[in-house]
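Structure first, commentary second.
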Amino acid sequence: MFGMMKNSLFGNTEETEYKLLSSETKDGVSFEVRRYDGAKYAVVSSEGRTFDQVTGELVRKLLMYIGGSNEQGVAMGTAAPIIVTVYPRNDGVLSRRLVVAIRIPTSYQQEHPTPSDSTITIEDRPGMTVYALRQFGGFAGESEYRAEALRLTRTLGETAPFQRKQYFCCSYDPPLKPYGRRNEVWFLQEEP
């Protein structure tokens, strides 16, 4: 636990790089279209509990893993953002299925420490293009992410080519950062 806290408070945070394809503002709402390369991610999932009930627990597991709670005892540094994949129902309410992921820092992409927690898996995720709603602050929970997702949906309109069965809730800050927080909502662009 101390390793996770030390890592997130004093370690270097490596923000996932991307290529900016466009930056737009429609009706006062700013968003970007970004391309992320494929990479390895540490992933943990949950079914049966709500976003607000379980995300803190799942994020802690991943931060502990990259903070040194792994079979090799290696503190890898911190990566951002933490990405929570959510699956909205037709009424916009999130289902009780979540997948939380954090990108393994670049220097460990080829050879990463083995998770000591059996609920954590390592996934090789392909590259993706996303519509990213520009930053909003605070300690975001389900209601804040849902409101921002609705705002991005309305801004993009019905004809924009993005997946509607899932979206990503992203947080760039360690859990203990009290103010100046950065959160984003990403929609996965449909590939032609």
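In this chain, residues are counted from 1 in sequence order. Keep in mind that what you see is a predicted model, and the values were worked out from it rather than measured.
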Exercise. Within a reach of under 6.0 Å around CG of Asp91, are more than 12 heavy atoms found that belong to other residues, nucleotides or ligands?
Worked result: yes

Problem set entry | Validation row: Tyr131, Gln189 side chains within 4.5 angstrom (heavy atoms) | yes

Problem set entry | Sole residue of Leu63, Thr16, Ile83, Ile120 in side chain to side chain contact (heavy atoms under 4.5 Å, CB included) with Ile102 | Leu63

Exercise. If only atom types and distance count, is the side chain of Asn183 paired as donor or acceptor with the main-chain N or O of Phe136 below 3.5 Å?
Worked result: yes

Exercise. What pair of heavy atoms forms the shortest contact from Ser69 to Ser116, and how long is it?
Worked result: O-OG, 3.2 Å

For this session: Taking the side chain as every heavy atom from C-beta outward, state whether Pro113 and Tyr65 have any atom pair closer than 4.5 Å.
Result: yes

Exercise. What heavy-atom pair brings Ala80 and Thr13 nearest, and what distance separates the two atoms?
Worked result: CB-CG2, 3.8 Å

Exercise. Do Asp117 and Thr119 have side-chain N/O donor and acceptor atoms under 3.5 Å apart?
Worked result: yes

For this session: Applying side-chain contact (heavy atoms from CB on, under 4.5 Å), run through Val43 and Arg125 and close with a yes or a no.
Result: CA-CA 10 Å; Val43 178; Arg125 292 187 166 188; 3.9 Å; yes

Problem set entry | Same apolar cluster (I L V M F W Y, side chains within < 4.5 Å links), Phe139/Val100 | no

For this session: Give, for atom CD of Glu17 and atom CZ of Arg35, the distance between the pair rounded to the nearest 0.5 Å.
Result: 15.0 Å

Exercise. Any chain of hydrophobic side-chain contacts (each under 4.5 Å) joining Met64 to Val99?
Worked result: no

Exercise. Side-chain donor-acceptor pair under 3.5 Å between Thr106 and Gln109, yes or no?
Worked result: no

Exercise. Which heavy-atom pair separates Trp186 from Tyr167 by the least distance, and what is that distance?
Worked result: O-CB, 3.4 Å

Exercise. Counting only N and O atoms by type, is there a donor-acceptor contact under 3.5 Å from the side chain of Glu144 to the main-chain atoms of Gly141?
Worked result: yes

Exercise. Does the pair Glu123/Arg103 count as a salt bridge with the N-to-O cut at 4.0 Å?
Worked result: no

Problem set entry | Atom CZ of Arg164: over 12 foreign heavy atoms under 6.0 Å | yes

Exercise. Which value, rounded to the nearest 0.5 Å, describes the distance between Thr78 atom OG1 and Ile66 atom CD1?
Worked result: 5.0 Å

For this session: Would you tell me whether Glu184 and Tyr172 have side-chain atoms, one donor and one acceptor, within less than 3.5 Å of each other?
Result: yes

Exercise. Do you reckon Val33 sits in the same ILVMFWY cluster as Val29, going by side-chain contacts under 4.5 Å, direct or chained?
Worked result: yes

Exercise. So, Glu24 and Ser30: side-chain donor and acceptor under 3.5 Å apart, yes or no?
Worked result: no

Problem set entry | Flag side-chain contact, heavy atom, 4.5 Å: Arg181 against Ser171 | yes

Exercise. Any side-chain heavy atom of Val86 within less than 4.5 Å of one from Tyr145?
Worked result: no

Exercise. Should Leu62 and Val74 be counted in the same cluster of Ile, Leu, Val, Met, Phe, Trp and Tyr side chains packed under 4.5 Å apart?
Worked result: yes

Exercise. Can you tell me if Arg89 and Ser95 form a side-chain donor-acceptor pair at under 3.5 Å?
Worked result: no

Exercise. Which atoms form the tightest heavy-atom contact between Ala140 and Phe51, and what is the distance?
Worked result: O-CE2, 4.5 Å

Problem set entry | Pair Tyr36-Arg34, side-chain donor/acceptor within less than 3.5 Å | yes

Exercise. Between Leu152 and Phe31, is any pair of side-chain heavy atoms under 4.5 Å apart?
Worked result: yes

Exercise. Is the backbone N or O of Phe168 less than 3.5 Å from a side-chain atom of Thr85, with the two atoms forming a donor-acceptor pair by type?
Worked result: no

For this session: Find out if a path of hydrophobic residues (ILVMFWY) with successive side-chain heavy-atom gaps under 4.5 Å connects Leu58 to Ile82.
Result: yes

Exercise. Is any side-chain heavy atom of Arg96 closer than 4.5 Å to a side-chain heavy atom of Gln53?
Worked result: yes

Seminar exercise, completed: In short, His112 meets Ile104 closest at the heavy-atom pair CB-CD1, 3.9 Å

For this session: Give a yes or no on whether Glu71 atom CD has more than 12 heavy-atom contacts from other residues, nucleotides or ligands under 6.0 Å away.
Result: yes

Seminar exercise, completed: When rounded to the nearest 0.5 Å, the distance separating NZ of Lys40 from CD of Glu111 is 10.0 Å

For this session: Please answer whether the main-chain N or O of Arg182 pairs with a side-chain N or O of Asp173 as donor and acceptor at a distance below 3.5 Å.
Result: yes

Exercise. With a 4.5 Å limit on heavy-atom distance, are the side chains of Thr114 and Asn70 in contact?
Worked result: no

For this session: Report the distance from atom NZ of Lys26 to atom CG of Leu156, rounding to the nearest 0.5 Å.
Result: 6.5 Å

For this session: Quick one: list whatever passes ring-ring contact (aromatic ring centres under 6.0 Å, His included) with Phe162, sequence neighbours left out.
Result: Phe187

Exercise. Does some side-chain heavy atom of Leu188 sit less than 4.5 Å from a side-chain heavy atom of Gln166?
Worked result: yes

Exercise. Hey, is CG on Asp124 packed in by over 12 heavy atoms from elsewhere, all under 6.0 Å?
Worked result: yes

Problem set entry | Taking every non-hydrogen atom, the tightest pair across Asp52 and Glu142 | OD1-N, 2.9 Å

Exercise. When you check the gap from the basic side-chain N to the acidic O, do Arg151 and Glu148 get nearer than 4.0 Å?
Worked result: yes

